[in-house]
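Everything below concerns the one structure shown next.
Numbered from 1 within each chain, the chains take letters A, B, ... in sequence-line order. Below, each value reflects all heavy atoms present in this structure, side chains not excepted, and no hydrogens, waters or symmetry copies.
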2 protein chains.
Amino acid sequence: MSDQVMTIREMCDAFDVTPRTLRFYESKELLFPIRDGQKRLFTRRDRGRLKLILRGKRFGFSLEDIRQVLDLYDLGDRERTQMTRALELARDRLAEMRRQRDDLDTMIAELNEQIIEGEKALAEKNRTAA
Amino acid sequence: MSDQVMTIREMCDAFDVTPRTLRFYESKELLFPIRDGQKRLFTRRDRGRLKLILRGKRFGFSLEDIRQVLDLYDLGDRERTQMTRALELARDRLAEMRRQRDDLDTMIAELNEQIIEGEKALAEKNRTAA
DNA sequence: CGTTACGGTGACGTGCACGTCAACTTCCCT
DNA sequence: AGGGAAGTTGACGTGCACGTCACCGTAACG
């Protein structure tokens, strides 16, 4: 049953982050561990959120950006206006992510091209040097 | 002929960055504007590099990371060992970018799913409220 | 009952990527 | 010759995302 909730150390080992990071994310309202006295206990929900946070960070999203999106993932009982607003935000993010993917595809193609060129140049260098 | 080289202001307008940014990039050896006396003049090469820099930044790459890759784009006459090293680095970057694209695809799919769910919930809310 | 381990809370420090501001040149215009 | 616009070099300031350190609580172990 202890994998229902995890201690801070278990979290750190599982996600390769420091305690400081988890506490920092809590202070920024990205995670909401429950408390056993003073001690934090991270739930399944926290683990899901952390996974998304770490993914988001790999694309240069700020923690604030990520928080906005995360909120979409548990809009339970919100005001219509709040929900509408959140959806608009999410659609914007989605559009941006699609643009990013296009850019990323371009970068991958270009870098790949450059690597091939580089390999050619290297092969030539080795040939003439031999 | 003046679009062979551009002033700092023309660059700023063209790429939507500040002079400070361009000077900063030069100090980090990401750009190499030529000089007319004191004044910087940015060449076509600088423009190409800046474009790549700005794209790289959108994915959370550090300027140092970007510099390493940029160097690959003009490896003219380098030592074999240097070239080999640069190619290795580029292949690593390429692999990471492919991983990032996979992650990004996952995130796009998941966010899209959440948006659909959100839209459903919102529609339901509107129905029951009516 | 001491101490070792794990966890907590401030508070200050750090690296990155610039922003901001002061104090010059340099060129152009009238 | 005077004045403004654009550019330059320091040097210090800033926001973000944590790192680090000092100090405190407490649960467990020998």
| query | Between Glu10(A) and Arg47(A), does at least one N-O distance fall below 4.0 Å, as a salt bridge requires? | reply |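 No salt bridge links Glu10(A) with Arg47(A).
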| SB check Arg99(B) Glu96(B) (cutoff 4.0 Å) |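 Between Glu96(B) and Arg99(B) there is no salt bridge, as every charged N stays at least 4.0 Å from the carboxylate O atoms.
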How long is the gap from [atom1] on [X] to [atom2] on [Y], to the nearest 0.5 Å?
X: Leu31(A); Y: Arg23(A); atom1: CG; atom2: CZ; value: 12.5 Å
X: Gln100(A); Y: Phe61(A); atom1: CD; atom2: CZ; value: 4.5 Å
X: Leu41(B); Y: Met11(B); atom1: CG; atom2: CE; value: 10.5 Å
X: Tyr25(A); Y: Ile66(A); atom1: OH; atom2: CD1; value: 7.0 Å
X: Asp105(A); Y: Arg98(B); atom1: CG; atom2: CZ; value: 10.0 Å
X: Arg85(A); Y: Leu87(A); atom1: CZ; atom2: CG; value: 10.5 Å

| said: If a pair means Watson-Crick or G-U wobble with both distances below 3.5 Å, what does DNA chain C look like in dot-bracket form, with | marking bases paired to a different strand? | reply: ||||||||||||||||||||||||||||||
| Any side-chain heavy-atom pair from Val5(B) and Phe42(B) closer than 4.5 angstrom? |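 A side-chain contact is absent here, since even the closest heavy-atom pair is not under 4.5 Å.
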| field | Validation row: Arg93(A), Asp65(A) side chains within 4.5 angstrom (heavy atoms) | value | yes
| Under the side chain to side chain contact (heavy atoms under 4.5 Å, CB included) criterion, do Lys39(A) and Arg35(A) qualify, and how do the steps go? | CA-CA 5 Å; Lys39(A) 298 185 181 180; Arg35(A) 297 295 179 118; over 6 Å; no
| query | Got a sec? Which of residues 50-70 of chain B come in under 4.0 Å of DNA chain C, heavy atoms? | reply | Lys57(B), Ser62(B), Leu63(B)
| So which of residues 17-24 of chain A are in contact with DNA chain C, with a heavy-atom cut-off of under 4.0 Å? |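 By residue number: Arg23(A).
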| request: Calculate the interatomic distance between Asp13(A) atom CG and dA5(C) atom P; express it in whole Å. | output: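 From Asp13(A) CG to dA5(C) P: 16 Å.
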| Can you tell me if Thr21(A) and Thr18(A) form a side-chain donor-acceptor pair at under 3.5 Å? | yes
| Can you give the first and last nucleotides of DNA chain D, 5' to 3', that have an atom under 4.0 Å from a heavy atom of chain B? |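 So the contact region on DNA chain D extends dG7(D) to dT9(D).
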| task | Scan residues 30-42 of chain B against DNA chain D and write down, sorted by residue number, each residue with any heavy atom closer than 4.0 Å; if none is found, say none. | result | Arg35(B), Gln38(B), Lys39(B), Arg40(B)
Using a 3.5 Å cut-off and no angle test, enumerate the donor-acceptor pairs between side-chain atoms of residues 106-115 of chain A and protein atoms at least two apart in sequence or in another chain.
unit_1	atom_1	unit_2	atom_2	d
Thr106(A)	OG1	Asp102(A)	O	3.0
Glu110(A)	OE1	Arg55(B)	NH2	2.9
Glu110(A)	OE2	Arg55(B)	NH2	3.3

| request: For Tyr25(B) and for Glu26(A), locate the closest nucleotide of DNA chain C by heavy-atom distance; then report the residue assigned to the nucleotide nearer the 5' terminus. | output: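 Closer to the 5' end of DNA chain C: Glu26(A).
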| request: Considering non-hydrogen atoms only, spot the tightest contact between Leu104(B) and Met97(A) and give its length. | output: CD2-O, 3.9 Å
| field | Arg44(A), CZ: over 12 other non-hydrogen atoms inside 6.0 angstrom | value | no
